[in-house]
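Excluded from the calculations below are hydrogen atoms, water molecules and symmetry mates; all remaining heavy atoms, backbone and side chain alike, are included. We count ligands from 1, going down the list as the structure has it; atoms in each ligand are counted the same way. The residues of the chain are indexed from 1 along the displayed sequence.
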Amino acid sequence: MAAQTQPDLQTVRLSNGKPITVHTQLFINNEFVPGHGPLIETINPATEEVICSVHSADAQDVDAAVAAANKCYNETWRKVAPAERGRLINKLADLMERDKDELATLDALDNGKAFTVARDVDITDSIACFRYFAGWADKIHGKTIDTTHDKWCYTRHEPLGVVGAVIPWNYPTMMAAWKFAPALATGNCVVMKTSEVTPLPLYKFAALCKEAGFPAGVVNVITGYGHTTGAFLSAHKGVSKMAFTGSTMTGRKIMEASSGSNLKKLQLELGGKSAQIVCADADLEQAAEWSAGGIFNNHGQSCNAGSRILVHESIHDKFVDQFIQATKNMVKIGDPFDEDTFQGPQINKAQFEKILGYIEIGQKEGAVIAHGGKRWGNKGYYIEPTVFINVNNNMRISREEIFGPVVVIIKFKTIDEAIDIANDSDYGLAGGVYTQNLDTALKVTSEIKTGTMWVNCFDVFDQSTPFGGYKQSGFGKELGKYALQEYTQVKVVKILMSSKI
Ligand code: NAP
Ligand code: MG
């Protein structure tokens, strides 16, 4: 296929009519270049209208990006001093701070999330993530190990080379930050495929990387469909590792691609069906507020969403009332660019229909809608926050990841039963418990098989604390010091002292 001719810069309009200029070409070797794949339309989910078309990468573009990254890694980047890597990452964070509103605007436009949430959570936390890992860049050391008196032995924590990354659409900038920040701090070059549903924020990010002064080839951002661009990248022999966030089904395909190519290292952050356990002694107001945020933040489109709430039977009815009230207080649905909007539209038509389909399935299974259950408005992919009661853990709405603003509330009699229900899931990403009793909190947090547990809160993140799944929620840790080992490999060097001395 010949390269597409669409110019890189396009002027597009926000739903409030304001114009904004966006990059639409692939970012390879510090240049915006046309792609050889088809042009892909990106849609504004608040209006269902096309924002613009972006270029996509075919196999030859993926080859070009991987080659640029390998050349840079071998000739330049691996020789750059760690402190200089840290300085560049901090400079990038400064530029993101300067252009925070524009980055948040692109996240809101392309994804449909509220602008204020994009600015105060997604972009703010992404900047914090870059600053955190910038600090690590010159603090990554091996060890010296004593073996015998005439031998010196030490380890080096070396970069992997070229990291391939594939991210989903739910937190476009933040998912990129979680991978770029540790990968660059540890000295790798990166080729990232954005979700083709939300490419625009990542091209702005790429332009900032160039402005920050990263050598050409360190940062490469491409767009394209998963089954083509994503598959080419994950099967590429020039890629040393795939860092992936997305569904469990795609995670399996990436594992197969690694197995069938060069056995590249993998880090898989996959789906979830997390349980929030509300005990009889919980502070009900606190539990209702945090658990509502735990499911309805980001329109329910979070891998760690607390989509199953398990409530002790003695407080069930009271909790349901308080939960619905907390939901009404918290979830203001509207245009992503209205200051007080909390919930925007779902990401696209396919997800919108899938979620409404699950709401129908739930009713057919015998569950009862206690709140919401319908489309909101008649334009844009908006869905009311929806609460199901009369649910058991065998229903499809309890077992399958809906990835929308839909929560099921399940009764339990004893704490052991609650733990069994929470663990009766293929997933193991996160969970929560609401209780005033320290023993109960300790028992539940130690017995639930998930990578994160929250007590009397939910969905609390920090760049310094690790995040990742158990079971079919994947493996490997993002964020925190733990992320450093995902992007490095350990070499041991053994030196024999000369016997002549
Ligand atoms: P997805 O369908 O798995 O897609 C994720 C990314 O993988 C997209 O860029 C997709 O491209 C690409 N992809 C699809 N098939 C591929 C293949 N064969 N090879 C390589 N790449 C491929 O997931 P999604 O619907 O975008 O995101 C939602 C899912 O992500 C949920 O299951 C959610 O739980 C999970 N998630 C997990 C975390 C976590 O940290 N654990 C965080 C956020 C989201 P296309 O867009 O073209 O399909
Ligand atoms: Mg879009």
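For the ligand labelled ligand 1, residue Tyr171 lies outside the 4.0 Å heavy-atom shell. Put simply, no part of Gly474 is less than 4.0 Å from ligand 1, judged by heavy atoms. Distances from ligand 1 to the non-hydrogen atoms of Phe467 include at least one value under 4.0 Å.
The heavy atom nearest to atom 12 (C) of ligand 1, out of those in Thr194, Val166, Leu268, Thr198, is found in Val166. For atom 23 (O) of ligand 1, the nearest non-hydrogen atom from the set Gly469, Ser247, Ser195 comes from Ser247. Nearest-residue assignment for atom 48 (O) of ligand 1 (options Ala165, Ala305, Gly226, Ser302; heavy-atom criterion): Gly226. Closest to atom 11 (O) of ligand 1 by heavy atom, among Lys273, Lys193, Gln351, is Lys193.
Side chains of Ser302 and Asn304: a donor-acceptor N/O pair is absent below 3.5 angstrom, by distance only. For Lys264 and Ser234, the side-chain atoms include no donor-acceptor pair closer than 3.5 Å.
Nearest protein heavy-atom neighbour of atom 8 (C) of ligand 1: Ile167 O, 3.7 Å. For atom 21 (N) of ligand 1, the nearest non-hydrogen atom of the protein is Gly230 CA, 3.6 Å. For atom 46 (O) of ligand 1, the nearest protein heavy atom (residue, atom name, distance) is Glu196 OE1, 2.8 Å. Counting only heavy atoms of the protein, atom 34 (O) of ligand 1 lies nearest to Glu401 OE2, 2.5 Å. In this structure, the protein non-hydrogen atom closest to atom 42 (C) of ligand 1 is Cys303 SG, 2.8 Å. In terms of protein heavy atoms, atom 18 (N) of ligand 1 is closest to Lys253 CD, 3.6 Å. Among protein heavy atoms, the minimum distance from atom 24 (P) of ligand 1 is reached at Trp169 NE1, 3.6 Å. The protein heavy-atom contact nearest to atom 43 (C) of ligand 1 is Asn170 ND2, 3.1 Å.
Annotation: side chain of Asp424 is in contact with side chain of Arg399 (closest heavy-atom distance under 4.5 Å).
Salt-bridge annotation for Glu256 and Lys253: absent, with no side-chain N of the basic residue lying under 4.0 Å from a carboxylate O of the acidic one. In summary, Lys265 and Glu486 do not engage in a salt bridge, as defined by a charged side-chain N under 4.0 Å from a carboxylate O. Ion pair Lys349/Glu353 flagged as a salt bridge, since at least one NZ, NE, NH1 or NH2 atom sits closer than 4.0 Å to an Asp/Glu carboxylate oxygen.
In the vicinity of Ala231, heavy-atom distances shorter than 4.0 Å reach the ligand 1 atoms 19 (N), 20 (C). Those atoms of ligand 1 that come under 4.0 Å of a heavy atom in Thr245, given as number and element, are 5 (C), 36 (N), 37 (C), 38 (C), 39 (C), 40 (O), 42 (C), 43 (C), 44 (C).
When only interatomic distances are considered, the shortest N/O to N/O separation between Ser473 and ligand 1 does not fall below 3.5 Å. Some N or O of Thr250 is nearer than 3.5 Å to an N or O of ligand 1, by distance alone. An N or O contact shorter than 3.5 Å links Leu270 to ligand 1 by distance.
Lys481 NZ: 12 or fewer foreign heavy atoms inside a 6.0 Å radius. Counting heavy atoms of neighbouring residues, nucleotides and ligands inside a 6.0 Å radius, atom NZ of Lys332 exceeds 12 of them.
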What side-chain donor-acceptor pairs closer than 3.5 Å can you find for residues 178-185, not counting sequence neighbours?
residue : atom : partner : partner atom : Å
Lys179  : NZ   : Thr245  : OG1          : 2.6
Lys179  : NZ   : Glu478  : OE1          : 3.4
Lys179  : NZ   : Glu478  : OE2          : 2.9

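Panel note: side chain Asn30, backbone Phe214; a donor-acceptor pair is recorded below 3.5 Å.
Between Phe458 and Trp454, the ring-plane angle classifies as tilted under the 30° and 60° cut-offs.
Across all non-hydrogen atoms, the minimal contact from Leu429 to Ser473 is N-OG, 3.2 Å. Closest heavy-atom contact between Thr47 and Lys379: O-CG, 4.0 Å.
Heavy atoms of Leu429 found under 4.0 angstrom from ligand 1 belong exclusively to the side chain. By the criterion of a heavy-atom distance under 4.0 Å, the side chain of Ile254, and not its backbone, is placed next to ligand 1.
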